[in-house]
Colleague: 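Take a look at the following structure, please.
Computed from a prediction, not measured in an experiment: that's the story for all the values here. Chain identifiers are assigned alphabetically (A, B, ...) following the order of the sequence lines, protein sequences preceding nucleic acid strands; residue numbering begins at 1 within each chain.
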2 protein chains.
Amino acid sequence: MKPSQAPTGETLSKARLRVWLKLLKSVNGIETEIRRNLREEHGTTLPRFDVMSALARFPDGLKMSELSSYLKVSNGNVTGIVDKLTEEGLALRVAVPGDRRAQVARLTAKGRVAFEELAQHHEDWINTLLEGLSAGNVDALSAHLDCILDRQMEED
Amino acid sequence: MKPSQAPTGETLSKARLRVWLKLLKSVNGIETEIRRNLREEHGTTLPRFDVMSALARFPDGLKMSELSSYLKVSNGNVTGIVDKLTEEGLALRVAVPGDRRAQVARLTAKGRVAFEELAQHHEDWINTLLEGLSAGNVDALSAHLDCILDRQMEED
DNA sequence: CCCTAAAATTTCAAGCTTAAAATATTTCGA
DNA sequence: TCGAAATATTTTAAGCTTGAAATTTTAGGG
């Protein structure tokens, strides 16, 4: 017997749309909570955390353009965020020898300390928010997301 | 024999963090593409599409506060977006009989036509962006997302 | 009826984001 | 060496977003 719910092209499209909305809801819910925690508990924001996280991963610093392409945001965007971090002594700009156009952004010692503190909390928040996922769930979810990400990489 | 990669609490936390970053990357990639399509092909934005989508689902209209809680955004936010849609003749505000504080936002006929056009394209874009997911993948992914969403609903 | 608290919405200030224009510098072919 | 094209960054204008303050209206106890 033919299964009555055999997915036609039409219903697969609708099913993908529904899972997309669910994906969006999951991510927005977590992101909202992370933003709230950063703001209320640490007086900072997610974009600032993202920039600090990128700079922490590259101790020698990143050129402004490398930073913006790494984070997939516009150049003008990181300019403003690095400006603020610099004003607060968490980051600094270093001239690139041999190219007076470019500057490398780096964390200061104070910035590294502040980031380590944030990063530990961030991992804890995520661990709690994803408590519903067992190790097996994590692996399976990861594999499914790879199906989506594989397609995104082709398109660049 | 014990598997050598038995996940301790420590590594489960790291695995959850990695899958979170992957989730974020998947969603941001898709969302960026949708925003680009809306802007370049239809001269509109995702927040406007979201508002129109909500209003389309409620033909009798939604109070401003119902709209903002439905979309999980601030009151002030929807005020500005409905203002713009109203200026363009896509939405309108209707007084609520018996409560002069409240107003109901609705789509105009023009707004409904514009939304139907957008919605069809939107479904097509998503269907293409999620081409890597088979019907089975969609169901499995959906189930895993439910593990995340279940937890979010408890917390309200 | 009065008047305080609650409710619905808008206004506001601050920050994020983008695309495009503007600046400054480097590269490299003629 | 000159100058056009490419590169690195900042500036700018416009829109989104939020939380908090302000405004208007309603509801309910005294």
Colleague: Would you mind reading off the bend of the helix from dC1(C)-dG30(D) to dA30(C)-dT1(D) from its two end axes, five pairs each, to 10 degrees?
Modeller: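 One end's axis against the other's: 10°.
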
Colleague: Closer than 4.0 angstrom, basic N to acidic O: yes or no for E131(A) and R16(B)?
Modeller: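 Salt bridge absent between E131(A) and R16(B).
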
Colleague: Would you say S26(A)'s side chain and I148(B)'s backbone share a donor-acceptor pair under 3.5 angstrom?
Modeller: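 Checked: no pair found.
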
Colleague: What I want to check is whether the side chains of D50(B) and S53(B) have a donor and an acceptor closer together than 3.5 Å.
Modeller: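 Their side chains do not contain a donor-acceptor pair, so the 3.5 Å distance test is not met.
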
Colleague: Nearest of dT9(C), dC16(D), dC16(C) to any side-chain atom of Q103(B)?
Modeller: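 Closest nucleotide to the Q103(B) side chain: dT9(C).
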
Colleague: Measure the distance from CG on D83(B) to P on dT10(C) and round it to the nearest whole Å.
Modeller: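 Atom-to-atom, D83(B) to dT10(C), this comes out as 7 Å.
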
Colleague: Return the value, rounded to whole Å, for the distance between atom CG of L67(B) and atom P of dA7(C).
Modeller: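 In whole Å, dA7(C) P and L67(B) CG are 20 Å from each other.
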
Colleague: For nucleotides 20-28 of chain C, just jot down a letter per nucleotide in 5' to 3' order: B, S or -, based on protein non-hydrogen atoms under 4.0 Å.
Modeller: -----BS--

Colleague: Remaining members of V104(A)'s ILVMFWY cluster at a side-chain heavy-atom cut-off under 4.5 Å?
Modeller: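 Answer for V104(A): V96(A).
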
Colleague: Do the side chain of E31(B) and the main chain of N28(B) share a donor and acceptor less than 3.5 angstrom apart?
Modeller: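 Pair absent, no side-chain N/O of E31(B) close to backbone of N28(B).
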
Colleague: Could you check whether any side-chain heavy atom of M52(A) comes within less than 4.5 Å of a side-chain heavy atom of R112(A), counting everything from C-beta outward?
Modeller: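 Not touching, per the 4.5 Å side-chain cut-off.
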
Colleague: Heavy atoms from C-beta onward define the side chain here; which of dT18(D), dC16(C), dA19(C) lies closest to that of R39(B)?
Modeller: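 The answer is dA19(C), which lies nearest to the side chain.
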
Colleague: Can a side chain N or O of T79(A) be found less than 4.0 Å away from OP1 or OP2 on dT11(D)?
Modeller: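 Answer no for this pair, as no side-chain N or O of T79(A) is under 4.0 Å from OP1 or OP2.
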
Colleague: So which nucleotide from dC16(C), dC16(D), dT11(D) ends up closest to the side chain of N77(A)?
Modeller: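 Side chain of N77(A) sits closest to dC16(C).
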
Colleague: R48(B) has an atom CZ; how far is it from atom P of dT17(D), in whole Å?
Modeller: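 That distance rounds to 12 Å.
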
Colleague: For residues 49-66 of chain B, which residues have at least one heavy atom under 4.0 Å from DNA chain C?
Modeller: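 Listed by number, they are K63(B), M64(B), S65(B).
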
Colleague: Do K110(B) side-chain atoms and E88(B) backbone N/O form a donor-acceptor pair below 3.5 Å?
Modeller: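 Yes, K110(B) side chain to E88(B) backbone: donor-acceptor pair under 3.5 Å.
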
Colleague: Indicate whether any N or O donor in one side chain lies under 3.5 Å from an N or O acceptor in the other, for D83(A) and T86(A).
Modeller: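 There is no such pair (donor and acceptor under 3.5 Å, judged by atom type) between the side chains of D83(A) and T86(A).
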
Colleague: The criterion is side chain to side chain donor-acceptor pair (under 3.5 Å); which residues satisfy it with S142(B), sequence neighbours excluded?
Modeller: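 With sequence neighbours excluded, S142(B) shows a side chain to side chain donor-acceptor pair (under 3.5 Å) to K22(A), given in chain and number order.
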
Colleague: Which residues pass the ring pair (Phe, Tyr, Trp, His ring centres under 6.0 Å) test with F49(A), sequence neighbours left out?
Modeller: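 Only F115(A), H122(A) meet the ring pair (Phe, Tyr, Trp, His ring centres under 6.0 Å) criterion with F49(A).
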
Colleague: How many Å lie between CG on L38(B) and P on dT18(C), as a whole number?
Modeller: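 My rounded result for the distance is 16 Å.
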
Colleague: Provide, to the nearest angstrom, the distance between the CZ atom belonging to R36(A) and the P atom belonging to dT17(D).
Modeller: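 The answer, rounded to whole Å, is 20 Å.
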
Colleague: Is it the case that the side chain of E87(B) and the backbone of K84(B) share a donor-acceptor pair, with hydrogens and angles ignored and the cut-off at 3.5 Å?
Modeller: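 Side chain of E87(B) to backbone of K84(B), a donor-acceptor pair under 3.5 Å: no, none is there.
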
Colleague: Just call it for R93(B): base, sugar-phosphate, or nothing, with non-hydrogen atoms closer than 4.0 Å on any strand.
Modeller: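 Contact class for R93(B): sugar-phosphate only.
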
Colleague: Rounded to whole angstrom units, what separation is found between the NZ atom of K84(A) and the P atom of dT11(D)?
Modeller: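 Taking NZ of K84(A) and P of dT11(D), I get 13 Å after rounding.
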
Colleague: Can you tell me how far C1' of dC16(D) sits from NZ of K72(B), to the nearest Å?
Modeller: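 Between C1' of dC16(D) and NZ of K72(B): 19 Å.
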
Colleague: When you measure from the side chain of A102(B), which nucleotide among dT9(C), dC16(C), dT10(D) comes out closest?
Modeller: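 That would be dT9(C).
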
Colleague: Find which nucleotide of DNA chain D each of T45(B) and V96(A) is nearest to by heavy atoms, and output the residue with the more 5' nucleotide.
Modeller: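 Its nearest nucleotide being more 5', the pick is V96(A).
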
Colleague: Are any side-chain N or O atoms of D124(B) and backbone N or O atoms of H121(B), one a donor and one an acceptor, separated by less than 3.5 Å?
Modeller: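 Pair absent, no side-chain N/O of D124(B) close to backbone of H121(B).
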
Colleague: Quick one: N28(B) CG to dC16(C) C1', roughly how many Å, whole number?
Modeller: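 Distance check: N28(B) CG to dC16(C) C1' gives 14 Å.
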
Colleague: Looking at every strand, decide which applies to L46(B) at a 4.0 Å heavy-atom threshold: base, sugar-phosphate, or nothing.
Modeller: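 Nothing, no heavy atom under 4.0 Å.
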
